[in-house]
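Everything numeric here is computed off the predicted structure, so don't read it as measured data.
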Amino acid sequence: MIERLVWTFYGKVRGDAFLGPVFEDQIADWELHLRRMCTFWSSVALLNGRYHGQPMEKHLPLPVDARHFDHWLALFEETAREVCPPIAAEHFIERAQRIAESLELGIARQKGVLLMKGQRLRESMSP
């Protein structure tokens with residue numbers, strides 16, 4: 001199920017006019033990336049500890065803001081609901097929301113922006 005979720009989701013991302021270019025600029029080997037994402041989501045969902053990467057470090061230099069995270073989450077939620085049973089979909093969606101929030105806060109901090117509660121990172125907020 002995790003493999004189907006990851007492959008289906010990233011298939012949508014790659015074809016997406018808004019997110020696709022961001023990913024294409026960063027990922028040279030999609031096969032490797034998708035295997036890594038399967039390991040990541042396995043660790044997130046099953047708490048199996050298989051993933052040993054640095055997601056924040058990888059995302060800090062990306063040219064993204066709240067709009068990208070919102071769009072990513074919408075595609076992820078859509079895919080999770082298509083691919084997973086309802087309880088599993090909710091499990092993945094809830095974790096994806098936490099991960100997106102954490103990454104957005106980290107990217108904002110890297111850009112010198114301190115987000116207050118409920119505030120989102122916007123391009124215009126960059127120093």
Side-chain angles (χ1 to χ4, degrees):
M1 178 179 60
I2 291 171
E3 188 173 298
R4 276 191 323 131
L5 173 62
V6 167
W7 283 79
T8 303
F9 170 66
Y10 281 101
K12 289 180 182 187
V13 166
R14 289 182 80 181
D16 187 81
F18 187 54
L19 294 177
V22 175
F23 281 83
E24 289 297 332
D25 283 348
Q26 300 297 317
I27 299 169
D29 184 341
W30 275 95
E31 179 76 28
L32 176 64
H33 180 70
L34 293 175
R35 285 196 315 264
R36 187 176 295 129
M37 290 302 91
C38 286
T39 302
F40 172 80
W41 281 104
S42 171
S43 287
V44 168
L46 304 175
L47 304 174
N48 64 19
R50 289 180 50 216
Y51 181 78
H52 300 286
Q54 301 291 328
M56 184 64 74
E57 204 173 277
K58 297 283 189 190
H59 289 82
L60 287 177
L62 297 180
V64 297
D65 66 11
R67 297 168 303 141
H68 295 88
F69 286 105
D70 290 345
H71 194 67
W72 184 93
L73 281 168
L75 276 179
F76 189 86
E77 180 175 345
E78 172 188 289
T79 308
R81 293 192 191 289
E82 289 171 6
V83 169
C84 304
I87 287 180
E90 291 305 320
H91 183 73
F92 280 108
I93 292 164
E94 184 268 332
R95 276 150 183 79
Q97 290 168 338
R98 282 197 223 163
I99 290 164
E101 181 180 356
S102 174
L103 290 173
E104 186 176 341
L105 287 170
I107 290 169
R109 197 172 312 117
Q110 173 76 8
K111 293 181 177 192
V113 176
L114 178 61
L115 296 178
M116 305 307 280
K117 185 175 176 96
Q119 194 175 25
R120 303 291 307 281
L121 178 63
R122 304 282 178 208
E123 272 185 12
S124 61
M125 297 178 85
S126 296

Subject >> Heavy-atom closest contact (Cys84 atom, Leu5 atom, distance) >> reply: SG-CD2, 4.3 Å
Original post:
Side-chain contact, heavy-atom cut-off 4.5 Å: Arg95 with Glu90?
Top reply: no
Subject >> Chi angles and distances behind the side-chain contact (heavy atoms from CB on, under 4.5 Å) call for Val6, Glu3 >> reply: CA-CA 5 Å; Val6 167; Glu3 188 173 298; 5.9 Å; no
Subject >> side-chain contact (heavy atoms from CB on, under 4.5 Å) between Lys12 and Leu19, intermediate numbers included >> reply: CA-CA 9 Å; Lys12 289 180 182 187; Leu19 294 177; over 6 Å; no
Original post:
Are Trp72 and Phe18 close enough that their ring centres sit under 6.0 Å apart?
Top reply: no
Original post:
Which value, rounded to the nearest 0.5 Å, describes the distance between His68 atom NE2 and Leu73 atom CG?
Top reply: 13.0 Å
**OP:** Might you point out which heavy atoms bring Ala80 and Ala89 nearest each other, and give the distance in Å?
**Re:** O-CB, 3.5 Å
Original post:
Do Gln26 and Pro61 have side chains that get closer than 4.5 Å, going by heavy atoms?
Top reply: no
Original post:
Got a sec: does the CD1 of Ile87 have more than 12 other heavy atoms crowding it under 6.0 Å?
Top reply: no
Original post:
Do we see a donor-acceptor contact under 3.5 Å between the side chains of Arg67 and His71?
Top reply: no
Original post:
Step by step, would you call Ile2 with Phe92 a side-chain contact (heavy atoms from CB on, under 4.5 Å)?
Top reply: CA-CA 10 Å; Ile2 291 171; Phe92 280 108; 3.6 Å; yes
Original post:
Is any side-chain N of the basic residue among Glu31 and Arg36 closer than 4.0 Å to the acidic one's carboxylate O?
Top reply: no
**OP:** First locate atom CD of Glu104, then atom CG of Asp70, and finally report the distance between them rounded to the nearest 0.5 Å.
**Re:** 7.0 Å
**OP:** Drop me the distance from His52's NE2 to Arg50's CZ, to the nearest 0.5 angstrom.
**Re:** 9.0 Å
Original post:
Looking only at atom types and distance, does a side-chain atom of His59 sit under 3.5 Å from a main-chain N or O of Ile107, one as donor and one as acceptor?
Top reply: no
Original post:
Would the Phe76 and Trp41 ring centres measure less than 6.0 Å apart?
Top reply: yes
**OP:** Step by step, work out the side-chain contact (heavy atoms from CB on, under 4.5 Å) result for Met37 and Phe9.
**Re:** CA-CA 11 Å; Met37 290 302 91; Phe9 170 66; over 6 Å; no
Subject >> Pairwise side-chain contact, Leu75 with Glu78, heavy-atom cut-off 4.5 Å (strictly under) >> reply: yes
Original post:
Is Ile93 reachable from Leu103 through a run of hydrophobic residues whose side-chain heavy atoms are each under 4.5 Å from the next?
Top reply: no
Original post:
Atom CG of Asp16 and atom CD of Glu24: how far apart are they, to the nearest 0.5 Å?
Top reply: 11.5 Å
Original post:
Above 12 or not: heavy atoms from other molecules or residues under 6.0 Å from CZ of Arg109?
Top reply: no
Original post:
How many angstroms lie between atom OH of Tyr10 and atom CH2 of Trp30, to the nearest 0.5 angstrom?
Top reply: 7.0 Å
Subject >> Donor-acceptor pair, side chain of Arg4 and main chain of Val83, under 3.5 angstrom >> reply: yes
